[in-house]
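Starting off with a structure, shown below.
The residues of the chain are indexed from 1 along the displayed sequence.
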Amino acid sequence: MYRLGQKELKEVSKVIMARKMFRVGDPKTGHLQESIRFEKEWARTIGVKHALLLSGGGTAGLMAGLAAMGIGPGDEVIVPGYTFMASAAAVLMVGAIPVIAEINETMTLDPRDVEKKIGPRTRAIIPVHICGIPSDMKKIMDIARKHKIKVIEDCCQADGGSFKGRRLGSWGHAGAYSFNDFKIMSAGEGGALVTNDDKIIERAGIYSDSGTAFRPYVKKIKTPIFLGFQFRATEIMGAVLRMQLQRLAGILADLRRIRVRFIRELKGKPGIRFAPSNDHKGDCGVVVAFQFDSEAKARVFAKSKGVNGWLPIDSGKHVYSNWEPILKHRIGIHPGMNPYLMPRNRGLRTKYTKTMCPRTLDVLKRTVFISLHTDMTDSQIRDRIAACRKAGSSL
């Protein structure tokens, strides 16, 4: 959470005083409908037709998107080996099986390995824009079109980022976002799904609201109503996020400015090499990524005085080899609901090992991230850059 304050308090106060915190209401009553207003504003920001605000975070966005695409038991979905476990968990929650693929030095899904991993029952790809770093969406979409499979972008750590001038989330058939405390925009929790597909947004809406059958707008829905989950957002969440959206441009501008300064002042200096990028301008600027020839050098650099860096291999939960519930097929509390035990998933690729993506593990061990913050002072930035320069020259 980068910035939060009086703007959010004021809007939340309006919702509370109106005593209308439920997102479904009758416009005739003067219901503020902050959730709907945010959805329209978010869709316009991303450059798509539809947005759906959800209470279940980015996981709910991925689940709703996958389910709306018709993905379930009998299907495989490709996910990268470097992402929060939720990217793979969402696949399992709709009954499908995640196939884990390599990342490359950009820290994002390797298109070459994606193509190798596509099988006869692959139905979708989930590229993840980890730490605000854009995946190569052109190559991924080319592969998807070639094999006639769907793409749902995991933009949970990249709210507002872009690739080749287009917002992340607008390249795939759908895109999912997270708004919890650790994201670029925050309402404490929450997420969103975006798409240009009328059928996907309608099905996702039903999937995310178990009470759809009783809503005042049900007669406008073309899809036969089915029983879904409960991922409805609240009006408080909508109000907070509308104000967060007003802050987004400034947040991204400051993060990117700091990242560009690190690169400009350190590029070409002894011992310094930056990770390649699919799109430097579209990168959100959450981190500066350095890469080294060995893990030993990476650790020396990260621990050098004043650098305050960290290795992504140490993040634990974002590395596939630490996804114990998935590696050991412990999904759900009842065995009948475990996708790995479902008859329709027999013959799918369900065997995982901790070493099955060696390139991913190697890249994560040789990379150092320096986390950036919008409110870093000029002296703090200058000192960190000087520390990096000194650390690099000593390697």
(request) Using the test salt bridge (Lys or Arg N to Asp or Glu O under 4.0 Å), find all partners of R259 that sit at least two apart in sequence or belong to another chain. (result) D283
(message) What I want to find out is whether E105 reaches R359 closely enough, with some N-O distance under 4.0 Å, to be called a salt bridge.
(response) yes
(message) Less than 3.5 Å apart, any donor N or O on the side chain of T106 or N104 sitting next to an acceptor on the other?
(response) yes
(message) For I152, is there any backbone N or O sitting under 3.5 Å from a side-chain donor or acceptor partner on H173?
(response) no
(request) State whether the number of non-hydrogen atoms from other residues, nucleotides or ligands found under 6.0 Å of K117 atom NZ is greater than 12. (result) yes
(message) Please determine whether the number of non-hydrogen atoms from other residues, nucleotides or ligands lying under 6.0 Å from atom NZ of K7 exceeds 12.
(response) yes
(request) Before accepting this row, confirm whether a basic side-chain N of the pair R299/D314 lies closer than 4.0 Å to the acidic partner's carboxylate O. (result) yes
(message) So does G74 get a backbone contact from the side chain of R344, meaning a donor-acceptor N/O pair under 3.5 Å?
(response) no
(message) With a 4.5 Å cut-off on side-chain heavy-atom distances among I, L, V, M, F, W and Y, is there a chain of contacts connecting V288 to I251?
(response) yes
(message) Test your reading of the model: is there a side-chain donor-acceptor pair from Q291 to the backbone of A298, 3.5 Å cut-off?
(response) no
Could you pull out every donor-acceptor pair under 3.5 Å between side chains of residues 262-275 and any protein atom, sequence neighbours left out?
unit_1: E265; atom_1: OE2; unit_2: R261; atom_2: NE; d: 2.9
unit_1: R273; atom_1: NH1; unit_2: D293; atom_2: OD1; d: 3.3

(message) So does V240 get a backbone contact from the side chain of E8, meaning a donor-acceptor N/O pair under 3.5 Å?
(response) no
Considering only distance and modelled atom types, tabulate donor-acceptor pairs under 3.5 Å from the side chains of residues 52-66, sequence neighbours left out.
unit_1: S55; atom_1: OG; unit_2: F231; atom_2: O; d: 3.2
unit_1: S55; atom_1: OG; unit_2: R232; atom_2: O; d: 3.1

(request) Please test K317 against E324 for salt bridge (charged side-chain N to carboxylate O under 4.0 Å, His left out), starting from the C-alpha separation and ending with a verdict. (result) CA-CA 10 Å; K317 59 190 176 184; E324 288 295 318; over 6 Å; no
(message) Whether D142 and K146 form a salt bridge (side-chain N of Lys/Arg under 4.0 Å from carboxylate O of Asp/Glu) is what I want to check.
(response) no
(request) Answer whether the closest heavy-atom distance between the side chains of L372 and V286 falls below 4.5 Å. (result) no
(message) Please check: side-chain N/O of E153 versus main-chain N/O of W171, any donor-acceptor pairing under 3.5 Å?
(response) yes
(request) Give a yes or no answer on whether the side chain of Y177 reaches the backbone of L193 with a donor-acceptor pair at less than 3.5 Å. (result) no
(message) Whether the side chain of N345 engages the backbone of P73 through a donor-acceptor N/O pair (distance < 3.5 Å, no angle test) should be reported.
(response) no
(request) For S393 and K390, indicate whether the former's side chain and the latter's backbone hold a donor-acceptor pair under 3.5 Å. (result) yes
(message) Checking D154 now: which residues fulfil side chain to side chain donor-acceptor pair (under 3.5 Å) with it, not counting sequence neighbours?
(response) S87
(message) Nearest 0.5 Å, please: how far is OG in S277 from CG in D136?
(response) 10.0 Å
(message) Counting C-beta onward and ignoring hydrogens, is there a side-chain heavy-atom pair between M237 and F38 closer than 4.5 Å?
(response) no
(message) Other residues, nucleotides and ligands only: do more than 12 of their heavy atoms fall within 6.0 Å of CZ on F214?
(response) no
(request) Taking all heavy atoms of S315 and all of W310, pick out the closest pair and write down the distance. (result) CB-CZ3, 4.2 Å
(request) Please examine the side chains of R123 and M69, heavy atoms only from C-beta on, and report whether any two atoms are closer than 4.5 Å. (result) no
(request) Determine, step by step, whether K150 and D75 satisfy the salt bridge (charged side-chain N to carboxylate O under 4.0 Å, His left out) criterion, reporting the C-alpha distance in whole Å, the side-chain angles of both residues, the deciding distance to 0.1 Å, and the verdict. (result) CA-CA 12 Å; K150 299 292 187 180; D75 301 328; over 6 Å; no
Result block: side-chain N/O donor-acceptor pairs under 3.5 angstrom for residues 331-341, not counting sequence neighbours:
unit_1: H334; atom_1: ND1; unit_2: G336; atom_2: N; d: 2.9
unit_1: N338; atom_1: OD1; unit_2: Y340; atom_2: N; d: 2.9
unit_1: N338; atom_1: ND2; unit_2: H329; atom_2: O; d: 2.8
unit_1: Y340; atom_1: OH; unit_2: Y352; atom_2: OH; d: 2.9

(message) Nearest 0.5 Å, please: how far is CD1 in I125 from CG in L109?
(response) 7.5 Å
(request) Give, for atom CD1 of I381 and atom CD1 of I258, the distance between the pair rounded to the nearest 0.5 Å. (result) 4.0 Å
(message) Check whether D113 reaches the backbone of E102 with its side chain - one donor and one acceptor, N or O, closer than 3.5 Å.
(response) yes
(message) Show the nearest heavy-atom pair for residues P80 and W323, with the distance to one decimal.
(response) O-CH2, 3.6 Å
(request) Report the distance from atom CD1 of I143 to atom NZ of K138, rounding to the nearest 0.5 Å. (result) 10.5 Å
(request) Rounded to the nearest 0.5 Å, what's the gap from OG1 on T367 to CZ on F290? Could you check? (result) 11.5 Å
(request) Can you see which heavy atom on D279 is nearest to which on S162, and at what distance? (result) OD2-O, 4.2 Å
(request) Over 60° means perpendicular and under 30° means parallel, so classify the ring planes of F84 and H318, tilted if in between. (result) tilted
(message) Could you tell me if the side chain of L241 sits less than 4.5 Å from the side chain of W42, heavy atoms only?
(response) no
(message) Could you tell me if the side chain of V319 sits less than 4.5 Å from the side chain of L361, heavy atoms only?
(response) yes
(message) Apply salt bridge (charged side-chain N to carboxylate O under 4.0 Å, His left out) to residues K20 and E235 and explain how you reach the verdict.
(response) CA-CA 7 Å; K20 296 288 185 179; E235 288 295 84; over 6 Å; no
(request) Check whether any side-chain heavy atom of L4 lies under 4.5 Å from a side-chain heavy atom of S186, and answer yes or no. (result) no
(request) Would you please name every residue forming a ring-ring contact (aromatic ring centres under 6.0 Å, His included) with Y82, sequence neighbours left out? (result) none
(message) Within this structure, what is the OG1-NE2 distance for the pair T195 and H50, rounded to the nearest 0.5 Å?
(response) 7.0 Å
(request) Assess whether atom CZ of R382 is packed by more than 12 heavy atoms of other residues, nucleotides or ligands within 6.0 Å. (result) yes
(message) Salt bridge check, K222 against E202: does any charged N sit closer than 4.0 Å to a carboxylate O?
(response) no
(message) Testing the basics here: between L364 and L311, what is the closest heavy-atom pair and its distance to 0.1 Å?
(response) O-CB, 4.2 Å
(message) Within the structure provided, determine whether M21 and V15 are in side-chain contact (heavy-atom separation under 4.5 Å).
(response) yes
(request) Could you tell me whether the side chain of D159 and the main chain of L245 form a donor-acceptor pair under 3.5 Å? (result) no
(message) I'd like to know if K14 and E11 make a salt bridge, using a cut-off of under 4.0 Å between side-chain N and carboxylate O.
(response) yes
(request) Group every Ile, Leu, Val, Met, Phe, Trp and Tyr by side-chain heavy-atom contacts under 4.5 Å, then state whether I225 and Y207 land in the same group. (result) yes
(message) Atom CZ of residue position R145 - does it have more than 12 heavy atoms of other residues, nucleotides or ligands inside 6.0 Å?
(response) yes
(message) Are S35 and T234 packed together at the side-chain level, in the sense that at least one heavy-atom pair is separated by less than 4.5 angstrom?
(response) no
